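Below, chain A is the first sequence line, B the second, and so on; all start at residue 1. Everything numeric here is computed off the predicted structure, so don't read it as measured data.
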Amino acid sequence: MAGPMLDVRTLKGFRDQLPPEMGPRRAMLQAIEAVFRRHGFAPIDTPALEYAEILTGKYGEEGDKLLYQFEDNGGRKVAMRYDLTVPLARFVAQHQALLPSPFRRYHIGPVWRADKPQRGRFREFVQCDADLCGHNSALADAEVLVVGLEVLQALQVDGARIHVNHRGVLTALIAAAGVDPAAAPVAIRAIDKLDKIGPDGVVAELERTLACSPATAREVLSVFAEASDLASLEAVLVRAGVDAEVRAASVGRLRAVFELVAAAGHGDRLFFDASIARGLDYYTGIIYETRLTDPKVAAIGAVMSGGRYDDLIGSFGKTQVPAVGISLGLDRLQAALRELGLCGDGRFGADAFVVAIDEADAVAAMALATDLRRAGVSAELSTRGGKIGKQLESGDKRGCRVALLVGGNERARGEVAIKDLASGGQQVVSLSQAAETVAGLLRV
RNA sequence: GUGGAUGUAGCUCAGUCGGUAGAGCGCAGGAUUGUGAUUCCUGAUGUCGUGGGUUCAAGCCCCAUCAUCCACCCCA
């Protein structure tokens, strides 16, 4: 059986999850799922592998390069899912007859990107998505944003802002500055670097990437700089002669969405930001990115993003189905929360630790642990034996909160000693009251 | 994909001028009878990331490779 010694290791960008991280992680997942369900979203799942042709060409040039692709054993060209949105589009196109409209679904699962790993960036990570397929309305946009905001609230993430923009706004602004709309993504990327390289840097970058005059570059910058909120954005677009219909569909839509989200009590989290562009090709309307405000983790990037993609489902079938969604990056968010010390205490033991003082007490200890579990108290038996001090120590280290000591003296009287591991306080109660007493201690 | 830094005990790291390794924490045991988290004593653990090369001699120098981190790019 003993083969040659192997290097035990994990693939670059792939990670094991140990109990101290996995405990809080499960709690996060539960909270997230509860919010999704509370908003009427139904769970689905899709395969990790898709035919490569389903996924390629949906994410833009950069995204395509990051797709894991290979031939399976039957010679089929396959790809691992890069996100949950494109698989959803395929899913809706394929099963449309069976789905209600609108279709609200949530999907939690791993996705894979052959990216270069960095802090908060992994090759395998879990996304938590909520999408609403079937309607293009401000209410649909707002509903999905509210779900995202409620998730953050449920996870007790306070320092987060959602930066919101609209693809229609972007193209209108670019056109207003006298630049070919097709060049919009390139221009946005330059604008987006304003914080890092300053106004002069952006102008230089625009001249270079757009091959335009310095005057045009400055115009692009000023148009974007001026559109700092929805009111000034409207003014910029009016002045640039953008027609009313386009303004209504973009700025007007954003206004409506902001108002609706405010009605849900989350207006203070939403910010218009003309520099949000989103690299993924499939977005057609509102787009958003969530950033944590704490400077310690600002560099970790967006933790919850999404937008409207009205043409993606249609690209797989005969029917156009408008859709909007939001996607939370669980691993990245957890990494950030961990760095901020907001990610639980890493305890993973049961609440109660049952110690048999002597080997002769083992049967009684097992019976007691069973009683506790039946009463809804999580309990684990000390299996190491040996000195009581050592046993208590190991229970404490495991994160157990109370220890129950089963010994000959107490047993003779039908009693058990219950010790609070944090305070050290101890009391002796009858066996029949043990579960109740422990439950009481745990409630404190 | 581009550029840079790092890799020594389970963890965080020290290791001078090349002379085959240390600390703190943690872990294990003990300080007489059935009580831990403070104290004291004792102990164990390393192919110095991996593979080559230079040298009488390599943790240290050179090359390659893998991994991690950082800045780009992009993104959850």
Side-chain angles (χ1 to χ4, degrees), chain A residues 5-15 18 20 59-66 81-85 108-129 148 185-186 188-190 192-193 196-197 205 209 276-281 287-292 297 299-306 325-336 353 355-361 382 384 386-411 417-426 428:
Chain A
M5 192 67 129
L6 299 173
D7 279 348
V8 287
R9 52 184 189 155
T10 45
L11 235 31
K12 181 207 273 278
F14 289 73
R15 302 158 308 146
L18 274 64
Y59 303 105
E61 214 176 299
E62 291 292 335
D64 273 6
K65 277 193 275 185
L66 301 182
R81 66 180 177 214
Y82 174 95
D83 67 2
L84 301 177
T85 306
I108 296 174
V111 301
W112 295 270
R113 299 183 185 179
D115 211 342
K116 190 157 177 170
Q118 238 175 76
R119 178 167 72 133
R121 175 182 300 193
F122 314 103
R123 288 188 164 176
E124 176 183 55
F125 58 95
V126 168
Q127 290 197 322
C128 308
D129 281 35
V186 179
I188 300 304
R189 237 170 279 151
D192 199 30
K193 291 182 189 166
K196 282 178 192 160
I197 60 180
E205 178 103 357
T209 53
I276 294 295
R278 312 292 304 138
L280 269 43
D281 275 0
I287 46 184
Y288 30 82
E289 276 180 17
T290 308
R291 306 213 187 118
L292 298 175
V297 292
I300 216 163
V303 294
M304 186 176 75
S305 306
I326 194 160
S327 176
L328 176 114
L330 184 73
D331 304 75
R332 180 175 284 184
L333 179 62
Q334 192 184 4
F353 193 66
V355 175
I357 286 177
D358 189 84
E359 240 177 271
D361 303 311
S382 172
R384 87 198 298 281
K387 297 181 119 177
I388 294 158
K390 293 291 176 192
Q391 299 203 56
L392 289 173
E393 191 182 339
S394 80
D396 190 36
K397 274 182 197 144
R398 299 182 51 70
C400 298
R401 294 175 54 194
V402 298
L404 290 94
L405 297 156
V406 179
N409 300 346
E410 291 82 356
R411 207 143 53 80
I418 300 176
K419 188 179 187 73
D420 185 310
L421 284 169
S423 70
Q426 186 168 320
V428 177

Whole-Å C1' distance, B:rG34 and B:rC41
24 Å
Rounded to the nearest Å, what distance is computed from the CE atom of residue A:Met304 to the P atom of nucleotide B:rA76?
12 Å
B:rG34 base to A:Asp358 side chain: any donor-acceptor pair below 3.5 Å?
no
Do the side chains of A:Arg15 and A:Asp331 get nearer than 4.5 Å, heavy atoms only?
yes
Less than 4.0 Å between a side-chain N and a carboxylate O, is that true for A:Lys397 and A:Glu393?
yes
Donor-acceptor contact present, side-chain A:Arg123 to main-chain A:Phe14, <3.5 Å:
no
Partners meeting salt bridge (Lys or Arg N to Asp or Glu O under 4.0 Å) with A:Arg384 (sequence neighbours left out):
none
Encode nucleotides 65-72 of chain B as B, S and - characters from 5' to 3', where the letter depends on protein heavy atoms closer than 4.0 Å: B to the base, S only to sugar-phosphate, - to neither.
-SSS-SBB
Identify whether any heavy atom of A:Asp83 sits under 4.0 Å from a base atom; if not, whether one sits that close to sugar-phosphate; answer base, sugar-phosphate or nothing.
nothing
Roughly how many Å is it from CD in A:Glu61 to P in B:rC75, rounded to a whole number?
12 Å
Would you measure the distance from the C1' atom in B:rC56 across to the matching atom in B:rG51 and give it in whole Å?
23 Å
Applying salt bridge (Lys or Arg N to Asp or Glu O under 4.0 Å), can you list everything that pairs with A:Asp361, at least two apart in sequence or on another chain?
A:Arg411
Quick one: list whatever passes salt bridge (Lys or Arg N to Asp or Glu O under 4.0 Å) with A:Lys387, sequence neighbours left out.
none
Suppose you measure atom P in B:rG10 against the same atom in B:rA28; what distance do you get, rounded to whole Å?
15 Å
Taken to the nearest whole Å, CD1/A:Ile326 to P/B:rA76 is 11 Å
Does a side-chain N or O from A:Lys387 land closer than 4.0 Å to OP1 or OP2 of B:rG29, or not?
no
Assign each of A:Thr290 and A:Lys397 to its nearest nucleotide of RNA chain B by heavy atoms, then name whichever residue's nucleotide is nearer the 5' end.
A:Lys397
Counting runs of three or more consecutive pairs, Watson-Crick or G-U wobble, with each distance below 3.5 Å, where are the stems of RNA chain B?
B:1-7 with B:66-72, B:10-13 with B:22-25, B:27-31 with B:39-43, B:49-53 with B:61-65
Work out how far the P atom of B:rA57 is from that of B:rU20, and round it to whole angstrom.
14 Å
Test A:Cys400 against A:Leu421 for side-chain contact (heavy atoms from CB on, under 4.5 Å), laying out the working first.
CA-CA 8 Å; A:Cys400 298; A:Leu421 284 169; 4.2 Å; yes
Rounded P spacing from B:rA71 to B:rA64 in Å:
25 Å
Any protein N or O atoms within reach of nucleotides 45-47 of chain B? Criterion: under 3.5 Å, listing atom names and distances.
none

For A:Tyr82, ring-ring contact (aromatic ring centres under 6.0 Å, His included) partners two or more places apart
A:Tyr59
Inter-residue atom distance A:Glu205.CD - A:Ile197.CD1, 0.5 Å rounding:
5.0 Å
RNA chain B nearest-nucleotide lookup for A:Val406 and A:Arg384: closer to the 5′ end is A:Arg384
Using the salt bridge (Lys or Arg N to Asp or Glu O under 4.0 Å) criterion, which residues pair with A:Arg291? Sequence neighbours excluded.
A:Glu289
Under a 4.0 Å heavy-atom criterion, the protein footprint on nucleotides 35-42 of chain B, written with B, S and -, is BBB-----
So what does A:Gly408 touch, heavy atoms closer than 4.0 Å: a base, only the sugar-phosphate, or nothing?
base
Once side chain to side chain donor-acceptor pair (under 3.5 Å) is applied, do any residues pair with A:Thr85, and if so which ones, sequence neighbours excluded?
none
Euclidean distance for C1', B:rU32 against B:rC25 (whole angstrom)
31 Å
Whole angstrom is fine here: how far is it from CD in A:Gln391 over to P in B:rA28?
13 Å
Rounding to the closest angstrom, what is the interatomic distance between B:rA9 and B:rU65 at atom C1'?
24 Å
Could you tell me whether A:Arg398 contacts a base, only the sugar-phosphate backbone, or nothing, with contacts defined as non-hydrogen atoms closer than 4.0 Å?
nothing
Partners passing side-chain contact (heavy atoms from CB on, under 4.5 Å) against A:Thr290 (at least two apart in sequence or in another chain)
A:Leu152, A:Ala160, A:Ile162, A:Val303, A:Met304
A:Asp64 has an atom CG; how far is it from atom P of B:rC75, in whole Å?
12 Å
With sequence neighbours excluded, tell me which residues meet side chain to side chain donor-acceptor pair (under 3.5 Å) with A:Arg121.
A:Asp115
What's the separation between atom OG in A:Ser382 and atom CZ in A:Arg398, rounded to the nearest 0.5 Å?
9.5 Å
Distance, P atom - from B:rC61 to B:rA14, rounded to whole angstrom:
14 Å
Under 3.5 Å donor-acceptor, A:Gln391 side chain and A:Gly386 backbone
yes
